[in-house]
Structures are given as structure tokens and as C-alpha cells.
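Heads up: numbering here begins at 1 and tracks the sequence.
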Amino acid sequence: MEKLTSKFDKVLNASNVKVVHAPDASKEIVRNTKEKSFPFADQVGNYQRNKAVPLKSFDKSKVYIVGSGIAGLSAAYYFIRDGRIPGENIIFIEQLHVEGGSMDGAGNVEDGYIIRGGREMDFSYENLWDLFQDIPAVELPEPYSVLDEYRLLNDNDPNYSKSRLINNRGQIKDFSKFGLNKKDQLSIVKLLLKKKEDLDDITIEQYFSKTFLESNFWTFWRTMFAFENWHSLLECKLYMHKFLHAIDGMRDFSCLVFPKYNQYDTFIKPLREFLQKKGVKLQFNTLVKDLELHSDIEGKLVKGIITEQDDAEKIIPITQDDYVIITTGSMTEDTAYGNNTEAPILQIDNSTSGMSPGWKLWKNLAAKSSIFGKPDKFCSNIEKSSWESATLTCKPSVLTEKLKEYTVNDPYSGKTATGGIITITDSNWLMSFTCNRQPHFPTQPDDILVLWVYALYMDKEGNYIKKKMPECTGNEILNELCYHLGIEDKIDNVIENTIVRTSFMPYITSMFMPRAKGDRPNVVPAGCKNLGLVGQFVETNNDVVFTMESSIRTARIAVYELLNLTKQVPDINPLQYDIRQLLKASSTLNDDQPFVGEGVLRKVLKNTYFEHILPEDNHHEEKESFLHEHLGKFKDWISEIKEKI
């Protein structure tokens, strides 16, 4: 290290700068001063791509990462890239037999493919793109990256939907309006203005009115992000800030970008291959039960990892120079599976909630100290944190022909198909389905389509099949779907040509459960010297949960804080503070009608440099054309009178 920095020793030795590794833009006053040597909290761009100079060498340090989901894999990447830790010093300990965690994708055409969930992307996922601009592409040759491949696809095949909502047995429903009254629009504005600290343990339905919860806006929002009415109002607020810039594209999904293949083949596999080439080791089928922690006045230090493999307990010793990364909790823990003829579960049994190994590790940590949060807030109510998905492997049938009515391109063309989920608004289950670009798996035959179905209401009987969704076989779910598409009389043809694999996930929206300050631990809990926590159940300043972006953010923060690197993880993209986005959102929430004060702004900014910050004035153009039309008619009428005179 001394040789690396020798030319800068005078500066570095005299410096007393303390790096805030995860700055908070919601509390920062933007002002340049002599003390302001780092970028503003949410200032993104190439300046943040600096290579940190580690304060010491980590060549002898070992890193143990518990859980090989996207958060864990990302942590390994940042330990190598920014911490300069040799890849062969990094070991994954994974309970499952395959990496990827909740980001899965598997199967074949004979047995059927399966994806428990999907991923919707946004241009502003700064951490996601920071990582994947360095990971080699799946199909393009060197030097192209996953990001290059992703952009090539989405720049040339834009995403949008022509059938976002359907009802009445398969009829496309008007989805051009949010349908929010003035009071509900004001409620959104008031929520955006509220402090986060004032929203502890408050639910969405405690705040918003019945008219809001019955609006198209809420249907778009809840089905896109999987919110339930009883979920956290705080998390809903964070989502509104994070995606304020995308709000006008939520009606037709034109705000989203999607990968070519499923999430495993697009992201997990190339990242794992990159890490393995760096020497990273993956140890599967190994359960981590607990940590041995030593506490004194200087803090908390992990001394050992208590594991179980092949029914034998083993303790991995950890030195003060080693680091441990733990993925707390799991969205897809205890998944129950079904198929065409078997239902995933008979009934929801809340007595088993939070008892599985994926939750016990976090619970064991929480029992040691309050700094590790309160896992019971998230895993103790399966009725409110579960939903079910079904993956359909489809040969040509009445269903695939019907699907063509809802797609923007032929689903067999390889281009955007449904452009996102299609929600059946009069479904008792609140069922949605989607057909992403095909093939969805690299080995998928050309004549096969893979569809994904999910529903939010687990406590209601279907409209056609008088059962709750988790109690249904795959064929019964096909019956319910075909009923809503108006083709239930052709169900035999559909069943004959469709393999169904179902997944009931007890904790899939557990991170949305109402929470308060302290329920989620910090990425590096207070006093911890060599332990970082990552994933969907840790605290960040302003980011949301249930995204790849947030998982990668937690991994990056963990690495920078533990190694005390001279790098920051910028806060979420600052688009929420952009006056153009605020004005556009005001107009969009009002269904593109003029908002209060818009007329005055138009007069003030007309023919100035800043005129373009206002939303498109379609109504003004309509007014102008209306006036011109009737002025023309008036002139013609005057001319006719003159001729008669």
C-alpha cells in the first residue's frame, strides 16, 4: 500500500476526512463549501467510478458469504473490484444446491420450466448497472457486457403494453386513466411530504381512502409492485419517491426495460461464472445455524460460523482480519410446489411461520442483541405475506392463439410480447399474467411459449373454480385463467398442451410488512467490526425493497463500510427533486388534465429557455384547433351573409 500511495503521502497523512459510505440525500442541504470534498449524496455519474486506495492490504483476509443470492454475489464482486481481495479468498456458504436465491429460472421442455418471480428494470438502477457493465455478456463476444447486451435489446425493441387491464371475460379495458379524484391526488402529495419517521407501523389502508384503493392507479401500482392494502405505508412512500419519474409510463409499462431471458440466465449465471474465474469458491448444501460473536468495549467481532453439513456440525473459525456477510431472511424460503395435478398446499398454516433455517439464523442473531432487528415483524403472518405464481410451458393451443390478441408483437417473434403483466381486474384472485420476450430460456424450442401467472389474493375463491388459489392444481388454475379469457369451453385443448408448475411462497412480500425504526438492522450493525448484513431485510436511507438494485446497494455498502474504502454508494437517483419530473407527475396524476397553476406557469415560461420543462400541452393544442375550427366556421357564416346581402 505504501508504494501505491507514496506520491500522495503528504496529502493523505494530513487528511482528516471521514467518508460517509451511504450518504442520505433526504437530509442533505445542497451547498458547496470548503468542507464539501465529496459529491452530493445522490450525485451519480462517472466521478463515482473512482478506484479506491485501500488503507491496508487485505491479501490475507478471508471472506465468508452466507447466501448466494444477488446480494451475496454482488458483495463478492465489490470485495474483488474495490477491496482488491483475491477471489480465491472468498467462500460462499449456501444452504441450497444452486446459487441465485430468489432469482431463479430452471426446467426443460419435457418437465416444464419454472420461474417463481420476475424482474422489472429501470434506467435509474445505478448500482445494478455499475456492476453489470463489468460482467461479460451472455451471448455477445468480448469486450461486451451484460449491460451492453441489455441496452442493445431494449433500445431496439422498446417495451410497452396494449392490454394492461382486461375484464369481462377477456375484453381489453381502458387503462389510459388513473381515475384519482382531487382528494386522492392530494393524499399522494401529502404522503410525499411526510417524514419517514412519522410512518412507523402504519398500513396503506389506514391512510388512503376507499376511492383511492378502488382506482386504476392503485390497480396499476399494487399489481406491478405486489403491494397489498395491509402493507407498509412507509414502503409505499419510498416507492413513490423512487419511481416518481416513471409514473406516466406505469399505465402502459413504457417506463420499463426487460431482459432477453429469465433472471437466472441473464444475471446470476454470468455473474457466478465471472466470480468463479476469479477463484471464488461456492460450497452448497451447507446450513449456517448461528455465529459465534465476541463482544467487548471495542465492539462485536465474529469468531466463528456454526454450520451443519450432512447432519454434522462444524465451526469455521474467523479471525479479526476476516469478514462475514450474512443474507438475512428470505423471500422465497419454504416455497411449496405443485403441478398440473397437484396443488402446492392444502391450506395456509401460520403456525409454521418463521421456523425454517432461512429465518432461524436471523432470529438467532436478533436474540443476541437489538442491533440485529426484529425478524418476527416480517415472518410471523403468512396470510399477509404470501402469494402464488404459476409458470406455463405452452405448446401451440387455443391459449397461445388467444394470447396474440393481447401482445404488441407476435409472441413467437422474439420481440416484446405483452410488455409486462396483464391484470384481470374482475378476478377474485386479482390474477395477472405475462408473456415476456421468447424464448425465455436459452434452450427453449421455437414452438414453445413460457407464460407466467400470479395472483395477490390467497384468501378468496376463484370466479370459476370455487377454491382458493393455493388449493388448486395447475389444471384448475388453467381453468380459471381460460374462464377469464373467454375460452373455458376449449380447456381440454389447453390442458393437453400446457405444463403447469406452481409455487406458493409464504414470505414473498414479507419485506413489505408494516415496520418501525429498528425492525431492520443496519447493513453494518453498530459496533460490528467484521460482519455485514445484506439483502431485502436491512436498512437503507431511501431505497426500496423487492428489487435487484436494493440488494446490490446493500452489498456495496457492506463492502465499503467494512473495509473503510474511500468510496461512497450514492443515494437513489435524484429524479424526485427534478422540477420537470414533479410537473410531469402532477399532470399525470390528474390524468393529463391541467394542474392548479399550470396556466400561469405556461404564460410565464412561454418562449423562454425553460418552456420545455412543462408537460406537453395537448389540451392547449386541442383548444387552439377547436378555436380555429369554429373561427373558420364563423368566417364562412359571415361570408355567406355578405353574399346574401
Side-chain angles (χ1 to χ4, degrees), residues 104-118 166 169-170 223 226 262 332-350 352 382-383 385-403 421-424 426-435 440-441 448-509:
D104 56 5
N108 53 62
V109 70
E110 291 81 18
D111 302 314
Y113 296 99
I114 187 166
I115 36 177
R116 287 179 291 184
I166 64 173
R169 311 287 306 288
T223 54
N262 65 83
T332 48
E333 184 83 1
D334 288 345
T335 299
Y337 298 98
N339 53 39
N340 284 73
T341 57
E342 296 177 345
I345 63 172
L346 296 178
Q347 62 181 12
I348 294 176
D349 182 6
N350 204 43
T352 62
I382 290 174
E383 288 94 340
S385 65
S386 60
W387 47 253
E388 182 178 351
S389 70
T391 310
L392 315 183
T393 303
C394 306
K395 295 178 182 177
S397 70
V398 174
L399 175 59
T400 58
E401 283 302 306
K402 183 67 178 180
L403 180 69
I421 58 170
I422 295 172
T423 295
I424 306 167
D426 54 357
S427 162
N428 287 350
W429 294 345
L430 194 55
M431 180 190 284
S432 299
F433 64 96
T434 183
C435 179
H440 201 49
F441 289 81
I448 297 295
L449 296 181
V450 173
L451 277 60
W452 187 74
V453 179
Y454 99 109
L456 283 174
Y457 294 154
M458 298 293 97
D459 61 339
K460 300 183 186 303
E461 291 184 348
N463 302 73
Y464 187 67
I465 300 296
K466 301 303 180 181
K467 289 184 180 180
K468 298 171 185 177
M469 188 180 182
E471 301 168 2
C472 289
T473 66
N475 287 343
E476 288 172 329
I477 291 172
L478 281 180
N479 267 276
E480 185 73 12
L481 175 62
C482 288
Y483 166 79
H484 285 293
L485 298 181
I487 55 172
E488 76 280 5
D489 58 328
K490 305 290 195 308
I491 188 61
D492 290 343
N493 172 264
V494 175
I495 289 175
E496 182 183 353
N497 292 287
T498 309
I499 299 172
V500 183
R501 296 179 68 178
T502 56
S503 307
F504 174 77
M505 294 163 282
Y507 311 107
I508 189 61
T509 54

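- Arg501 forms no cation-pi arrangement with Tyr337, by the criterion of a distance under 6.0 Å to the ring centre and an angle within 45° of the ring axis.
- Using a 4.5 Å heavy-atom cutoff, the side chains of Leu478 and Val500 are in contact.
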Identify every side-chain donor-acceptor pair in residues 490-498 under 3.5 Å, counting partners at least two apart or on other chains, and give the distances.
unit_1	atom_1	unit_2	atom_2	d
Asn493	OD1	Val398	N	2.8
Asn497	ND2	Asn493	O	2.8
Thr498	OG1	Val494	O	2.7

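- Inter-residue side-chain proximity for His440 and Tyr113 is flagged as unmet; no heavy-atom pair is nearer than 4.5 Å.
- Checked against ring pair (Phe, Tyr, Trp, His ring centres under 6.0 Å), Phe433 has no partners two or more places apart in sequence or in another chain.
- Heavy-atom minimum distance, Glu383 versus Ser386: O-OG, 4.2 Å.
- Within the 4.5 Å cutoff, the side chain of Ile499 has heavy atoms near those of the Asn340 side chain.
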Margin query: Working note: Lys467 + Glu480, criterion salt bridge (Lys or Arg N to Asp or Glu O under 4.0 Å); need CA distance, chi angles, decisive distance, verdict.
Written below: CA-CA 10 Å; Lys467 289 184 180 180; Glu480 185 73 12; over 6 Å; no
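- Side-chain contact check for Asn339 versus Glu342: some heavy-atom pair is nearer than 4.5 Å.
- Contact annotation: the side chain of Met505 approaches that of Arg116 to within less than 4.5 Å [non-hydrogen atoms, C-beta and beyond].
- The local environment of NZ in Lys402 is crowded, with over 12 non-hydrogen atoms from other residues, nucleotides or ligands closer than 6.0 Å.
- You'll find the side chain of Ile477 reaches within 4.5 Å of the side chain of Met469, heavy atoms only.
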Side-chain donor/acceptor pairs under 3.5 Å, residues 448-459, sequence neighbours excluded:
unit_1	atom_1	unit_2	atom_2	d
Trp452	NE1	Ile115	O	3.0
Tyr454	OH	Thr223	O	2.6
Tyr457	OH	Arg222	NH1	2.8

